[in-house]
Protein chains: 2
Amino acid sequence: MDNQDIRKAGLKVTLPRIKILGLLENNSQRHVSAEDVYKMLLDNGEEIGLATVYRVLTQFETAGLVTRHNFEGGHAVFELDRGGHHDHMVCVVCGKVEEFIDTTIEKRQREIAKEHGFEMVDHSLIIYGHCGNPKCKVGY
Amino acid sequence: MDNQDIRKAGLKVTLPRIKILGLLENNSQRHVSAEDVYKMLLDNGEEIGLATVYRVLTQFETAGLVTRHNFEGGHAVFELDRGGHHDHMVCVVCGKVEEFIDTTIEKRQREIAKEHGFEMVDHSLIIYGHCGNPKCKVGY
DNA sequence: CTTGCAATGAAAAAGATTCTCATCATCATT
DNA sequence: AATGATGATGAGAATCTTTTTCATTGCAAG
Ligand SMILES: [Mn+2]
Ligand SMILES: [Mn+2]
Ligand SMILES: [Zn+2]
Ligand SMILES: [Zn+2]
């Protein structure tokens, strides 16, 4: 995942794009909003415009470099596309995100789509719950 | 599903609430946005404020009368809660929504959540694809 | 009927994302 | 390396969805 990926996407290799891709690669939390990316870069002393962050993330999505998720909360989160598809589990208390993939579910989805005459192109499966952290348990 | 349901939810039985509940019951499309509800009521010659529609839909959700979905597109859609849980399939071309429920997937979800130490409280599964309509097929 | 308190609606505010447009940077070509 | 065409940037305005404010209205308990 480097500048060549930007070039291959038909995009010019610019400083903002390098910075954003670098942050997505090195940041500890894999799932970040546009606002997150913007603030983190500013905190790192980098200069960038918020409009550019939104634009570049959308371009990266179109290019297949990142994936956009619509978790609850009204704002999109992005993550670097590291090959394999996976689904998500989100803690409704602390927001922790776990990733998982289940072949049984994946297969059934394709079957169900076909049964309804749909040609599946994508899907979104998000499990909401209380994570293992005691502070996130019901009735803490 | 009548005025008693509103009362049972601890809400006063007001005209706006009766109108919104009535529309959700009788409207042909089950999945509607707040804006949809607002415009449809206005079209029917009913008087109502947009803020009230948002407020009431959220109250109905809290009361378990309606369910909110975050499909792609940046705005929430609501549907009257008619007993059974189900998941959704959305046509990426025409927006048609099909409902389905699959016990295999439902069971696997609970298992997976547990495997990850999560106590599942909810989930969202949306399959995106091209529906059976020829005009929605790839390469029309 | 009275009356308290919840509910309404218009308008303002907030939050997320996109658009506009003048300026600037990249990169293929000289 | 210099040039130039074209794409990219960023500040701010605009847009879109949703929430909040607050003066006014209307349920519903007594
Ligand atoms: Mn992920
Ligand atoms: Mn439904
Ligand atoms: Zn948690
Ligand atoms: Zn369709």
Side-chain angles (χ1 to χ4, degrees), chain A residues 2-23 31-63 65-78 95, chain B residues 2-23 31-63 65-78 95:
Chain A
D2 63 344
N3 298 351
Q4 296 315 312
D5 293 299
I6 297 175
R7 212 180 301 269
K8 268 185 244 166
L11 301 168
K12 285 187 179 175
V13 178
T14 64
L15 227 41
R17 288 181 179 142
I18 294 171
K19 288 175 185 171
I20 293 172
L21 192 56
L23 186 140
H31 308 86
V32 290
S33 68
E35 189 79 30
D36 290 338
V37 170
Y38 175 63
K39 288 204 175 122
M40 285 167 166
L41 286 176
L42 288 192
D43 286 353
N44 291 10
E46 308 282 4
E47 247 175 63
I48 198 160
L50 181 55
T52 301
V53 173
Y54 274 102
R55 247 184 326 235
V56 169
L57 285 174
T58 300
Q59 292 161 341
F60 281 1
E61 182 194 16
T62 302
L65 293 177
V66 312
T67 303
R68 179 197 305 255
H69 303 292
N70 296 293
F71 294 171
E72 284 180 348
H75 62 283
V77 300
F78 300 81
Chain B
D2 63 344
N3 298 352
Q4 298 315 312
D5 293 298
I6 297 176
R7 213 179 303 270
K8 268 184 243 166
L11 301 169
K12 287 189 178 175
V13 179
T14 64
L15 226 43
R17 288 182 179 141
I18 294 171
K19 288 175 186 170
I20 292 172
L21 192 56
L23 186 139
H31 307 87
V32 291
S33 68
E35 188 80 29
D36 289 339
V37 171
Y38 176 63
K39 289 205 174 121
M40 286 167 165
L41 286 176
L42 288 192
D43 287 353
N44 291 10
E46 308 282 4
E47 247 175 63
I48 199 160
L50 180 56
T52 302
V53 173
Y54 274 104
R55 248 185 323 238
V56 170
L57 285 173
T58 300
Q59 293 161 341
F60 281 0
E61 183 194 15
T62 302
L65 293 177
V66 311
T67 303
R68 178 196 304 255
H69 303 292
N70 296 293
F71 294 170
E72 284 181 347
H75 62 285
V77 300
F78 300 81

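Note that this is a predicted model, so its numbers are computed, not measured. So you know, we letter chains A, B, ... as the sequences are listed, proteins then strands, and number each from 1.
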For atom OH of Tyr38(B) and atom C1' of dA11(C), their distance in whole Å: 12 Å
Heavy atoms under 4.0 Å, any strand shown: does Leu15(B) hit a base, just sugar-phosphate, or nothing? nothing
For Gly74(B) and for Thr14(B), locate the closest nucleotide of DNA chain D by heavy-atom distance; then report the residue assigned to the nucleotide nearer the 5' terminus. Gly74(B)
Sugar-phosphate only, base, or nothing, as touched by Thr52(B) at under 4.0 Å among non-hydrogen atoms: base
Could you pull out the protein-nucleic contacts involving nucleotides 2-6 of chain C (nitrogen or oxygen on both sides, under 3.5 Å)?
unit_1	atom_1	unit_2	atom_2	d
dA6(C)	O4'	Lys12(B)	NZ	3.4

With a cut-off of 3.5 Å and sequence neighbours excluded, list every side-chain donor-acceptor pair involving residues 44-51 of chain B.
none

Computed from five pairs at either end and rounded to 10 degrees, the angle between the axes of the helix from dC1(C)-dG30(D) to dT30(C)-dA1(D) is 30°
Any idea which heavy atoms bring Val37(A) and Leu57(A) closest together, and the distance? CG2-CD1, 4.5 Å
Please report, rounded to the nearest Å, how far the C1' atom of dA11(C) is from the OH atom of Tyr54(B). 15 Å
Rounded to whole Å, how long is the line connecting atom CD of Glu46(B) with atom P of dT8(C)? 14 Å
Side chains of Leu23(B) and Lys19(B): closer than 4.5 Å at any heavy-atom pair? no
Do Gln59(A) and Thr62(A) pass the side chain to side chain contact (heavy atoms under 4.5 Å, CB included) test, and can you show the C-alpha distance, the side-chain angles, and the key distance before you say yes or no? CA-CA 5 Å; Gln59(A) 292 161 341; Thr62(A) 302; 5.6 Å; no
Report yes if the side chains of Thr52(A) and Arg55(A) come closer than 4.5 Å at any heavy-atom pair, otherwise no. yes
Rounded off to whole Å, could you give me the CD-to-C1' distance for the Glu61(A) and dT18(C) pair? 14 Å
Under the side-chain hydrogen bond (donor to acceptor under 3.5 Å, both in side chains) rule, what pairs show up with a residue in residues 68-77 of chain A, not counting sequence neighbours? Thr58(A)-Arg68(A), Glu61(A)-Arg68(A), His69(A)-Glu79(A)
At 4.0 Å (heavy atoms only), tell me whether Ala76(A) reaches a base, stays on the sugar-phosphate, or touches nothing. sugar-phosphate
Short side-chain N/O contact from Arg7(A) to OP1 or OP2 of dC27(C), under 4.0 Å: yes
With sequence neighbours left out, what residues match Lys12(A) under side chain to side chain contact (heavy atoms under 4.5 Å, CB included)? Thr14(A), Arg17(A)
If you take all heavy atoms of Ile20(B) and Val53(B), which pair is closest and at what distance? CD1-CA, 3.9 Å
Tell me, please, which residues at least two apart from Arg7(A) pass salt bridge (Lys or Arg N to Asp or Glu O under 4.0 Å). none
In whole angstrom, give the distance that lies between atom CG of Leu50(B) and atom P of dA12(C). 15 Å
dist Leu65(B):CG -> Leu21(B):CG (nearest 0.5 Å) comes out at 6.5 Å
I would like to know whether Phe78(A) and Asp36(A) meet side chain to side chain contact (heavy atoms under 4.5 Å, CB included); could you show each step before the answer? CA-CA 10 Å; Phe78(A) 300 81; Asp36(A) 290 338; over 6 Å; no
Taking the nucleotide of DNA chain D with the closest heavy atom to each, which residue, Arg55(B) or Pro16(A), is nearer the 5' end? Pro16(A)
Chain B on DNA chain D: first and last contacting nucleotide, 5' to 3', under 4.0 Å to a heavy atom? dT17(D) to dA28(D)
Polar side-chain atom of Asp43(A) near backbone of Met40(A) as donor-acceptor pair, under 3.5 Å: no
Find the distance Ile48(B):CD1 to dA7(C):P and express it as a whole number of Å. 14 Å
